[in-house]
There are 2 protein chains.
Amino acid sequence: MQHAMPPLSALRAFEATARLGSVTAAAHELSVTHGAVSRQLRSLDEHFGVALFAKAGRGLELTNQGEQLQRDVGEAFARLRDSCTQLKRDVEDAPFTLACPGSLLARWLIPRLDRLHSELPEINLQVVVSENEHAFKRSDVSAILAFSAPPWPADVEVIELIAEQICAVASPRLAEQADPEHPETLFSSKLLYTTSRPQAWPQWANAHALDTALLDQALDAGQGFEHLYYLMEAAMAGLGVAIVPKLIAEDDLRSGRLIAPWGDIETSARLCLWLPRHVTQRRSVQLAEWLKRELDDTLLSR
Amino acid sequence: MQHAMPPLSALRAFEATARLGSVTAAAHELSVTHGAVSRQLRSLDEHFGVALFAKAGRGLELTNQGEQLQRDVGEAFARLRDSCTQLKRDVEDAPFTLACPGSLLARWLIPRLDRLHSELPEINLQVVVSENEHAFKRSDVSAILAFSAPPWPADVEVIELIAEQICAVASPRLAEQADPEHPETLFSSKLLYTTSRPQAWPQWANAHALDTALLDQALDAGQGFEHLYYLMEAAMAGLGVAIVPKLIAEDDLRSGRLIAPWGDIETSARLCLWLPRHVTQRRSVQLAEWLKRELDDTLLSR
DNA sequence: GTCATATGTGAGCTAGAGTCACTGATCGAT
DNA sequence: ATCGATCAGTGACTCTAGCTCACATATGAC
């Protein structure tokens, strides 16, 4: 016959009381009232059929049986405490690996990494490139920063940072031929886009209520690029008009290497921080808050 | 800063799941549903900020962090289990010491000890004499069997076995002079009693609606004894009429060494088994039940 | 005696732990 | 390919272990 274990909370109350020599002190350590601890001790007495403490003046002292129990239980709890503390420290000290598409990394995050490191030094951030959202398959990825549209899978926690804005950009030379009042004039240029986002130009055309036939024609004459990076280089080289996330073009727009005379539109996508569910760390939240602040600053300083 | 321990129930669920390799198996061991265990594991993940299990086919497997935790936690729980099992066995194997007044021991319990030992062999009973109810001050006393009247102190659990009956007894020679129909004729004999129970004769007189003055007179002519044992010897020797608990005189009445022609009366006292509070063992209950059975048999076989 | 300090406890409340019933995933067998 | 068996995850709900509160009781210092 297997002897049932007593309730663990009662054992913990016993351990703390035996170690500190006082119900009140144990209650304080466990953040409960002394009454709670007193009841737990009572239930242990009943479980074992023997008193573990005896009254001694105003306080208590261990009985022989109590001492016998304390020897092992004290060490067992010390071990539990140690290993839990150790694991938690290990988790907190491990590098926090943020995965992110190359373009976002190069054009937005890297210029701000220095500030991130100095403002959140305890995060121990590592950055890796990942073009798709399967980065969690690599178990050492702690978070993913990327543009994506709902619905999101159920087994990740997604923190929405800002709505994605896309805009049509061109080199200054090409852009000065365009009429901001008449976006359709733009279709006379080559339309450049990333192959991973073929819906970008149709979204833009739709937002400006432009003719689909005209768009299709212009798209046929245009060109898709595999990466946003090449797309923007192409636009800067004057090859045509590119449709890009405004956030990524931000610095180039400010420096004047690119011009976006036709304004920007909001898409259904969001810049999101993806986190694995149920394992929210404090630094995940800190990082999300820092990103939000930084994004707001980027947009306000425009 | 002190890292808080996770909830212990969650650690137990983790330990069982890691050891058995399955949520369902752990749930079965812990006598809960698999859903309960699943939630506990989830809460552990959140506490540590890292997944301790990863899906592996239909089941789970420990992550690196889970394995790290399992090493210590498994041993700590094994230690807790062992020491609790050990203490419980020690308590159960320790002798069960029953304290009892000498007269009750000699006249009722000792003649039945053989049967007690053979019917409840696992109790490992030891009997010690104790004339008063302070026997619990001796920490090795597990229970006290004694006559006593309520109210009882708050810090003991009292199991009432039977109501005390007292009767007036005399030697056969003396008793044949008495008239059972007229109890007051008894006052012509010397009244014998124990000094610890001076109220016995007045109770008896009151129950028979006898004159108090007559009683006092007879008491003055009578004699008190320090112990019931001497009192009964005196009665058997024909020194007078003794007032005694019927239970203790039972065997002498049956053998004819004493006669009780005036019947018996019930007092407010009870034969009780006193147990220390909050440390009820199974064998205390077994003993109480055995005593009740045996007392019923004693009374029925009259 | 009074006051400060400790533990014990009856009554009542609440958060945490559990159940139920369902979903989705995987794997073996037909 | 399909079906059924097995397993873990979860939303909604329920319930009770464990807590707090307030008071009782006991000890020791002054």
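Throughout, a chain's letter reflects where its sequence line sits, starting with A, and its residues are numbered from 1. Here the structure is a predicted model, which means the values were calculated and not measured.
Residues from residues 38-47 of chain B lying near DNA chain C, meaning a heavy-atom separation below 4.0 Å, are Arg39(B), Gln40(B) in numerical order.
Side chain of Arg283(A) to main chain of Glu92(A): a donor-acceptor pair is present (N/O by atom type, distance under 3.5 Å, no hydrogens or angles). Here the side chain of Thr63(B) pairs a donor or acceptor atom with the backbone of Ala51(B) at under 3.5 angstrom.
For the 3.5 Å distance criterion, the side chains of Gln86(A) and Asp90(A) qualify, holding a donor opposite an acceptor.
Residue Leu52(B) contributes atom CG, which lies 16 Å from atom C1' of dG9(D) at whole-angstrom precision. The nearest whole Å value for the distance from the NE2 atom in His28(A) to the P atom in dT20(D) is 12 Å. Going from atom CG of Asp155(B) over to atom P of dA24(D) covers 19 Å, rounded to whole Å.
A salt bridge does not link Arg277(B) to Asp155(B): none of the charged side-chain nitrogens sits closer than 4.0 Å to a carboxylate oxygen.
No option in Leu62(B), Leu30(B), Val37(B), Leu52(B) other than Val37(B) meets the side chain to side chain contact (heavy atoms under 4.5 Å, CB included) test with Thr17(B).
One finds a side-chain N or O of Thr33(A) lying less than 4.0 angstrom from the OP1 or OP2 phosphate oxygen of dT20(D). The phosphate of dT10(D) has OP1 or OP2 within less than 4.0 Å of a side-chain N or O from His278(A).
In terms of heavy-atom proximity, Arg270(B) sits nearest to Thr267(B) at NH1-O, 3.3 Å. Closest approach of Cys100(A) to Leu105(A), counting heavy atoms only: SG-N, 3.6 Å.
Toward the 5′ end of DNA chain D lies the nearest nucleotide of Ser9(A), the other residue of the pair Ser9(A) and Lys55(A) mapping further downstream.
Backbone-only engagement by Gly57(B) is indicated by non-hydrogen atom pairs under 4.0 Å involving sugar-phosphate atoms exclusively.
For DNA chain C, the outermost nucleotides in 5' to 3' order that have an atom under 4.0 Å from a heavy atom of chain A are dA4(C) to dA11(C).
Between the OG atom in Ser22(B) and the NE2 atom in His34(B) there is a gap of 10.0 Å [rounded to 0.5 Å].
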